[in-house]
Amino acid sequence: MGIQGLTKLLGDAAPGCMKEQKFENYFGRKIAVDASMHIYAFLVVVGRQGDQMLTSETGEVTSHLQGMFFRTVRMLEAGMKPVFVFEGKAPELKREELAKRSNRREDANTELEAAKEAGNAEDVEKYSKRTVRVTREHNEECKRLLRLMGVPVLEAPSEAEAQCAQLCKDGLVYGISTEDMDSLTFGTPKLIRHLMAPSSQKPLAMEFDHELVLKELELTEDQFIDLCILCGCDYTAKISGIGAVRALSLIKKHGSIEGVLAALDSKKYQIPEPFPYQEARRLFKEPDVVKGDQIPQLKWTSPDTEGLIDFLVKEKTFAEDRIRKAVERINAAKGKASQGRLESFFGPAKVVSSTMGKRKEVPVAAKGKKGSSGAAPKKGKLGGMGKKK
DNA sequence: ACTCTGTCTCAAGACGAA
DNA sequence: TTGAGACAGAGT
DNA sequence: TTCGTCC
């Protein structure tokens with residue numbers, strides 16, 4: 001999933017588009033999150049022992065709730081205002097990819113049975129992870145949980161990442177927290193990686209700025225989308241032998257996928273058949289999303305303590321004191337936040353990593369302009385771009 | 001010689017007691 | 001599943 | 001920090 005090799009390419013060819021940020025810098029900020037992605041990760045890893053997961057008394061899986069609850073608490077405690085976006089129905093083009101995944105799951109199921117049969121614990125764990133699938137019930141339970149926590153939930157008509165990007169374009173959130181680089185292809189002005197990385201290893205968050213990506217790569221938005229398609233995305237197969245680096249130089253030389261295809265030596269490089277790059281392009285450029293003016297006001301309210309107790313403790317067998325303690329943390333954070341009148345300091349407009357930013361001037365990111373193409377080179381670039389390699 | 005792609009591997013979430 | 005890092009081998 | 005447990 002995502003765009004193959006894009007992170008590395010940006011690191012090498014557009015280092016200026018990335019900026020490290022401290023966790024604390026997100027205090028007061030609205031952040032969009034792809035919920036389904038998280039749920040998936042929680043199901044794979046939370047409380048897993050072999051093919052066992054956390055379950056309620058009645059045997060229903062609760063790993064996703066455990067993960068979602070405590071992660072959301074962490075975000076709220078850090079003063080963030082998360083909006084969780086749930087995936088809608090996949091676009092037609094992705095069906096093939098999804099079918100493949102589904103097949104792989106089937107295979108994994110067979111392997112899993114075999115491993116159980118053979119009593120191979122390692123394999124049981126490995127294969128059972130591969131059989132993980134996010135169901136409608138997982139999604140619904142997480143929505144219920146989040147609403148009880150006072151956190152807004154949004155249903156995307158189609159791709160969650162595309163909807164998140166739209167929220168950011170419309171200025172409803174500061175950025176989107178994801179590990180999936182195709183959010184950038186969807187044009188999110190800001191993408192934040194490693195925001196919720198395990199507190200144990202605490203790497204800094206990394207922000208990618210869409211405008212700077214285009215500027216540094218010297219591409220128009222359309223060209224960047226074409227680049228991503230050539231690198232390899234979920235919607236089409238890729239051209240074997242063309243990776244991120246060659247894709248970039250080809251796009252630069254020929255301007256578009258059409259140009260690249262016309263110039264490619266078809267003896268050397270096999271164009272996949274079919275290669276619906278135009279459709280893929282359309283999905284990135286005009287994905288099925290809800291625009292900001294049709295989205296109900298996002299609200300962050302106080303958690304419904306008793307509702308949470310009913311749900312998590314009574315229904316799902318969570319430990320009551322843990323839940324109460326966590327709700328306390330949320331309330332404590334809320335108190336701190338509200339007395340500060342955040343919006344005036346931390347509006348979606350801009351950031352400043354004042355205190356600790358040593359380098360990195362922050363070019364104002366006035367959004368609003370849909371801009372896209374033509375990078376108007378106004379002021380001269382900043383001096384040396386930080387690092388080189 | 002150098003660069004690039006494709007392959008393989010690994011780990012993966014958060015809490016809290018010790 | 002994902003991403004990252006290490007490696008090999010093919011291409012330039 | 002490490003590691004067992006969360007449900």
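Remember, predicted model here, so these are calculated numbers, not experimental data. All chains are named by letter (A, B, ...) in the order of the sequence lines, taking the proteins before the strands, and each is independently numbered beginning at 1. Computed over heavy atoms, backbone and side chain alike; hydrogens, waters and symmetry mates excluded.
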Sorted by number, the residues of residues 241-250 of chain A with heavy-atom contact under 4.0 Å to DNA chain B:
A:G241, A:I242, A:G243, A:A244, A:V245, A:R246

Partner residues of A:S183 under the side chain to side chain donor-acceptor pair (under 3.5 Å) criterion, sequence neighbours left out
A:E161

If I pick the P atom on C:dT1 and the same atom on B:dA14, what distance separates them, to the nearest angstrom?
22 Å

With sequence neighbours excluded, what pairs up with A:Y277 under the ring pair (Phe, Tyr, Trp, His ring centres under 6.0 Å) test?
A:F275

For D:dT2 versus B:dA11, give the span between their P atoms, rounded off to a whole number of Å.
14 Å

Listed once per pair and sorted, the ring-ring contact (aromatic ring centres under 6.0 Å, His included) pairs that draw on residues 77-119 of chain A, sequence neighbours left out
none

In whole angstroms, how far is the C1' atom of B:dG13 from the NE2 atom of A:H194?
15 Å

Tell me whether the OP1 or OP2 atom of C:dT12 has a side-chain N or O from A:K268 closer than 4.0 Å.
yes

Rounded to whole angstroms, how far apart are NZ on A:K325 and C1' on B:dG16?
8 Å

Report which part of the nucleic acid A:R133 touches: base, sugar-phosphate, or nothing (heavy-atom distance under 4.0 Å, all strands).
nothing

Once you round it to whole Å, what is the distance between P of C:dT1 and NE2 of A:H138?
18 Å

In whole angstroms, how far is the P atom of B:dA14 from the NE2 atom of A:H64?
16 Å

Please report, rounded to the nearest Å, how far the C1' atom of B:dA12 is from the CD1 atom of A:I39.
17 Å

I want to verify a distance call: between C:dG3, C:dT12, C:dT1, whose nearest atom is closest to the A:R130 side chain?
C:dT1

Taking the nucleotide of DNA chain B with the closest heavy atom to each, which residue, A:E77 or A:I239, is nearer the 5' end?
A:I239

Using whole Å, what does the distance between atom P of nucleotide C:dT1 and atom CD of A:E87 come to?
16 Å

Side chain to side chain donor-acceptor pair (under 3.5 Å) contacts touching residues 283-303 of chain A (sequence neighbours left out):
A:D222-A:K285

Taking atom P in both C:dA4 and B:dG13, what distance in whole Å separates the two?
14 Å

For A:F69 and B:dG13, give me the distance from atom CZ to atom P, rounded to whole Å.
19 Å

In this structure, NZ of A:K238 is separated from CD1 of A:I271 (nearest 0.5 Å) by 11.5 Å

After noting the C-alpha distance and the side-chain angles of A:V33 and A:M75, does the key distance pass the side chain to side chain contact (heavy atoms under 4.5 Å, CB included) rule?
CA-CA 11 Å; A:V33 178; A:M75 292 185 84; 4.1 Å; yes

With sequence neighbours excluded, residues passing ring pair (Phe, Tyr, Trp, His ring centres under 6.0 Å) with A:H138
A:H64

Could you check whether A:S63 gets within reach of a base, just the sugar-phosphate, or nothing at all, counting any heavy atom under 4.0 Å?
nothing

Give me each pair satisfying salt bridge (charged side-chain N to carboxylate O under 4.0 Å, His left out) with a member in residues 251-260 of chain A, each pair once, sequence neighbours excluded.
A:E218-A:K252, A:E258-A:R281

Figure out the CE/P separation between A:M75 and B:dA14, and round it to whole Å.
11 Å

Taking ring pair (Phe, Tyr, Trp, His ring centres under 6.0 Å) as the test, write out the residues that go with A:F284, two or more places apart.
A:F186, A:Y235

For a quick test of reading the model: is some side-chain N or O of A:K238 closer than 4.0 Å to OP1 or OP2 of B:dG6?
yes

A:R71 has a side chain; which of C:dG3, C:dT1, B:dA14 sits nearest to it?
B:dA14

If you restrict it to nitrogen or oxygen atoms, what contacts under 3.5 Å exist between nucleotides 4-7 of chain D and the protein, and what is each distance?
residue : atom : partner : partner atom : Å
D:dC6   : O2   : A:Q66   : NE2          : 2.9
D:dC7   : OP1  : A:A319  : N            : 2.8
D:dC7   : O3'  : A:T62   : OG1          : 3.0
D:dC7   : O3'  : A:K316  : O            : 2.6
D:dC7   : O2   : A:T55   : N            : 2.8
D:dC7   : O2   : A:T55   : O            : 3.3

What interatomic distance, in whole Å, is found between P of B:dA17 and the corresponding atom of D:dC7?
13 Å

To the nearest 0.5 Å, what is the distance between CG on A:D321 and CD on A:E328?
12.5 Å

